[in-house]
Amino acid sequence: MSFPSNIPGILGNTDIARFDALIIGSGAGGSAAAHVLAAAGQKVLVLEAGDNHFPGLDRSGLIPWPLYSNDEIKMSIRRFVFQDPLVEPRTFRQTENEVAQPDPDVNNLTRNVGGAAVISSVSYPRFTAVDFRMASALRDVGREYPDTSFADWPLSYDELEPFLAETDRLSGIAGAAEGDAADPFQSWRSEPFPLPPQPEMYVGRVLANGARQLGYHPFNYPSAVATRPYDGRSPCVGCGLCTNYGCARNSKGSPAVTTLRKALLTGNCQLRYNAHVSRLLLDGERRRVTGVEYIDNDGQLQAASADYCILAASPIESVRLCFLSDPTGAGIGNSSGHLGRHMMFHFQTIGVGIFKQRLHGERGRSITNGMGDFRGITEGGTALRPDRPLGGVIEFGTSSEPITAAHDSLRPEAVQFAQLVGVSLKQLLVESPFQAHIAVMIMHGEDAPQPTNRVDLDPTVRDVFGLPVPRLTYKNHALELDASAFYKPEMLKVFEAAGAAYGFFDPFDPAVPPQSRHILGGLRMGDDPRAAVCDRWGKFHDLDNLYCADGGVFVTGSGYNPTPTIIALALRTAGAIVSPAAPERMLSRTAHRHATG
Amino acid sequence: MVSQLSRRDVLWLMVAGAAVSVLPKRSSATLTAAPGPRFLTSEEFAILDASVARIVPTDSQPGARECGAADYIQNLLSFMPGEDANCDRRVNAADLTATVRGAQAHRPGCPLGGDVDGDGVVDAGDTVRAVAAMFDAHPIYAGGPFSGRQPQPHFPTGTTPCYVCHVAPLQQTSGAGSGAATTVDNYPPDYFEQFLQPSRLQALSWKIRILGAAAVPEVADNPLARQLPEVDLRRQYRNGLAALESLSRAQFGASFVALSAAQQTTILNAVDPAFVTLLTGHTIEGMLCAPEYGGNRNQLGWQLVRFDGDSQPLGYEIYDATVPGNYRERADKPDSGPNPDEDCSGFSTGVTRFLTVISGASLTQPGRKFPSPYCFGVDK
């Protein structure tokens, strides 16, 4: 066995002759599936389109330092890990009648080992029980929304809970299950959070103070940022540059340093990075995936094969691969006609509060506080409130990035106003109202599923590999726009109660693709093969050995950060592959607790 | 003298078979700071420097000129990737060693190996090429995780093991094995200056940014490679600076660098606003970047906006299992409450007017200026 890898471009065991599983994508879903399968003795090949910034991730002992850093030029300005529109463009239009235009903001996820969660805030709240039966819940309160495709999930919160609990343990989630710091709208938990709640940032405390005065219920935001040494990861030091940054000290429980690393350390897993899958290969009857073709870092076409295949490339890319892999253009797995449809993005309402005092958002973590009062659900998350629209959780955030904040001052409308009132750029830099004095409330509003919101292939635009690129057709529904309008005045009241000098909102422009990185749907799961692409286990209805383990299978989008649910579903899908009768038996409840390596 | 280390010295050290460890500690800083071929001519650079100084002028506090914003832009335009001969992602002195020894020549999957110039043999020519590449290269992506500007956190002796100190090799003067990390000599090396070799796609993308889409035939079917404002930077700067200069001579009969502040502003307002927007964005980057990129000289830009820069590995929260909540705060820079010196002075009249307009500006997205804003702390 040749392990760990000594070959550039490969992590893990380089000496595996044949693979049971082939996983496309090393993000939250793909890494979770790799962990379960490799632990069960399956030989697993993971192909990752992006580069690896965790050298030595496959070495046992303490986790080596990554190549990530508190470097705003690298991470946010030169977009070190983000999908690059110059080599991989994507196109956007609002309706079927338009010609889609290339747009750098479509699919604003990253390309790197561990996926987008590596650079996220790893804010990891759970979905609530009502999220899994949203169509019924809307009926219960007598609400109907024409043109939407709300449906109940083919599984309940209770069924998923053991996998959510395992997600908590694997990721090392910090939070409060009970008491004043807990979210009263969260659903039942079988166990408390494995780590104590996060130390609160000033801006989080200021906004929570305002919210509390108005009778709301701010809580300590569940987060996979370590609050004590955990599973070989070091406790967070609150360095400030968190969202958009890979953690320089592996305090974030991202997929790379949790599930993926565990998979690599079994010796049953090999990961090839800078490996861009271009299509799936099918057998003659088109019932089985036999392997894939991919383009390596030298631009050479390579092939790989395995007994079964798991798509985990993130929804837009997974859907694209299904279309690229079918010469007829119909898309594999698309007998239902639902492939690529019901795409969802959380509708973000971004409130901005400017305070007289410096809030120093460049210290501390990313999100330490939030509130669920605008989600529109009952305590315990079991039903919808009849008196409030379906909104989303609110994260209390701020700005920690001086260059990005200054670039915001350069938006054409801001420059116009600045000239109007005779303020120089230097004054704005020195007083930095949008940096040192800013508090932000982001509401992740539920986005109504619509069959017309879809991904397919663009007819003309090609990427650097010469492949057709994904085309997003997307238009907001009145549901999320109305909810946003309903809650905006309430958000201003929170800013005022918190002591802000000014409060306003980031303008919404329907001509710009959704900015949320919570990208869901397109490979919807359901029991009826005429209405869904995947079944309740994430297996494609139309194929015998193809699965989806990313956010593509989501039926509805909820109003909470989706990553823990993606991980839990992937754990369950992989568990069902190796233990169909009892997938939860694949969960190793304590093996990694308090581990030092 | 370390600062006088030249290419020839490095070459000699390498050829003599010296290990990397004999290089003085700060040697790689010297290497990356050494000037290689620069894209802008000295005349163009002078115009650039004058224009960034007009965009963020010097007054009682430093401006873009003192911060070295023009150096940042020159570095960007002069971008040339180094040669990562040993395929460890970092471009540093180890690549020279690898080249000289040819030790990595047959490493599978490392296409460069010791054969940096690609002529099929590992010989002295590769060493020359590797040295040149290292001196002439300018980083697009600085390395990580730490810059060495902040120390490792201090953990009280006997209470808490240092959970990060032992992950990567660090010099420790004493206490090794006892779990006590001293703050003396406890600064990590500057990994930022060991910049990263871009992947194939990143290299293609930066070719489009610096040289334009015409240089990369693979993106013929991607309109964005010709449309986005950040592409074809060399041509944009060459033409943009030439336009500043020719308009200055036409309108005021003198070079842009010789004009008064008011005249320079007139010229900047008269040329293509797209170029001025690009230049302004890069000026800010050049003031607030990590100094390894060539700007933010002596961290003047960070001081101007009262930003501490990269705070790892120290950070603002001191992990201490002996206190409630597991964390202590830094008294000078608290995380959870107001600054000790917070004066609540708010904003100048100009910025107040600006915020008033901005907050109520959009008719469709009304905001508010609140009647009696106040300044306060939040009790623990």
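Within every chain, numbering begins at 1; the chains are lettered A, B, ... in the order of the sequence lines, protein sequences first and strands thereafter. What you see is a predicted model; the values in this text were computed from it and never measured.
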Taking only residues two or more places apart in sequence, or in another chain, which ones meet A:Pro85 in a side-chain contact (heavy atoms from CB on, under 4.5 Å)? A:Pro104, B:Leu224, B:Leu228
Chain A heavy atoms under 4.5 Å from B:Arg226: which part of the residue, side chain, backbone, both or neither? neither
Ranked by heavy-atom pairs below 4.5 Å to chain A, first place among B:Asp310, B:Asn222, B:Leu196, B:Thr280 goes to B:Asn222
Side chain, backbone, both or neither: which part of B:Trp206 has an atom under 4.5 Å from a heavy atom of chain A? side chain
For A:Arg358, is there an ion pair with B:Glu342 - N to carboxylate O distance below 4.0 angstrom? no
Identify which part of B:Pro334 has an atom lying under 4.5 Å from any heavy atom of chain A, answering side chain, backbone, both or neither. both
B:Phe354 portion near chain A, given a 4.5 angstrom heavy-atom threshold: both
Rounded to the nearest 0.5 Å, what separation is found between the CG atom of A:Asn274 and the OG atom of B:Ser199? 5.5 Å
Report the C-alpha separation of B:Phe192 and A:Ser69 in whole Å, then their side-chain angles, then the decisive distance to 0.1 Å, and conclude whether the side-chain contact (heavy atoms from CB on, under 4.5 Å) test is met. CA-CA 8 Å; B:Phe192 279 37; A:Ser69 49; 3.6 Å; yes
Heavy-atom cut-off 4.5 Å, strictly under: side chain, backbone, both or neither for A:Gln435 against chain B? side chain
Contact class of B:Ile208 relative to chain A, heavy atoms under 4.5 angstrom: side chain
Can you tell me which portion of A:Leu195 sits under 4.5 Å from chain B's heavy atoms? Options are side chain, backbone, both or neither. neither
Which distance, rounded to the nearest 0.5 Å, do you find between the NZ of A:Lys426 and the CD1 of B:Ile284? 12.5 Å
Check this for me, if you would: do B:Glu218 and A:Arg462 make a salt bridge, where the nitrogen-to-carboxylate-oxygen distance has to be below 4.0 angstrom? no
Honestly, the part of A:Asp84 sitting under 4.5 Å from a heavy atom of chain B is side chain
Under 4.5 Å from any heavy atom of chain A, what part of B:Asn339 do you find: side chain, backbone, both or neither? both
Between A:Pro196 and chain B, which part of the residue has a heavy atom less than 4.5 Å away: side chain, backbone, both or neither? side chain
Contacting region of B:Asp59 [heavy-atom separation from chain A under 4.5 Å]: both
Residue B:Thr352 versus chain A: region with a heavy atom under 4.5 Å: both
Within the side chain of A:Gln427, is there an N or O that forms a donor-acceptor pair under 3.5 Å with the backbone of B:Gly350? no
Contacting moiety of A:Arg79, where chain B heavy atoms sit under 4.5 Å: backbone
Which answer fits A:Leu429, side chain, backbone, both or neither, if we ask what part of it has an atom under 4.5 Å from a heavy atom of chain B? both
What about A:His437 and B:Phe347, are their ring centers closer than 6.0 Å? yes
Given a strict heavy-atom distance threshold of 4.5 Å, which part of B:Glu292 is in contact with chain A: side chain, backbone, both, or neither? neither
Between the main-chain N or O of B:Ser336 and the side-chain N or O of A:Arg205, is there a donor-acceptor pair closer than 3.5 Å? yes
Heavy atoms only: give me the nearest B:Gln312-A:Cys239 pair and the separation to one decimal. NE2-SG, 3.5 Å
Which atoms of A:Thr14 are under 4.5 Å from chain B, going by heavy atoms: the side chain, the backbone, both sets, or neither? neither
Which bit of A:Tyr68 comes within less than 4.5 Å of chain B, counting heavy atoms only: side chain, backbone, both or neither? backbone
Backbone of B:Gly337 reached by a side-chain donor or acceptor of A:His360 within 3.5 Å: yes
So does A:Asp296 pair up with B:Arg200, basic N to acidic O under 4.0 Å? no
For A:Glu72, is it the side chain, the backbone, both or neither that has a heavy atom under 4.5 Å from a heavy atom of chain B? neither
Which region of A:Val423, side chain (C-beta onward) or backbone (N, CA, C, O), has a non-hydrogen atom less than 4.5 Å from a non-hydrogen atom of chain B, or is it both or neither? side chain
When rounded to the nearest 0.5 angstrom, what is the spacing between CG in A:Asn70 and OG in B:Ser311? 5.0 Å
Which portion of A:Ala49 sits near chain B, non-hydrogen atoms under 4.5 angstrom: neither
Point-to-point distance, once rounded to the nearest 0.5 Å, from CD of B:Gln197 to CG of A:Leu67: 12.5 Å
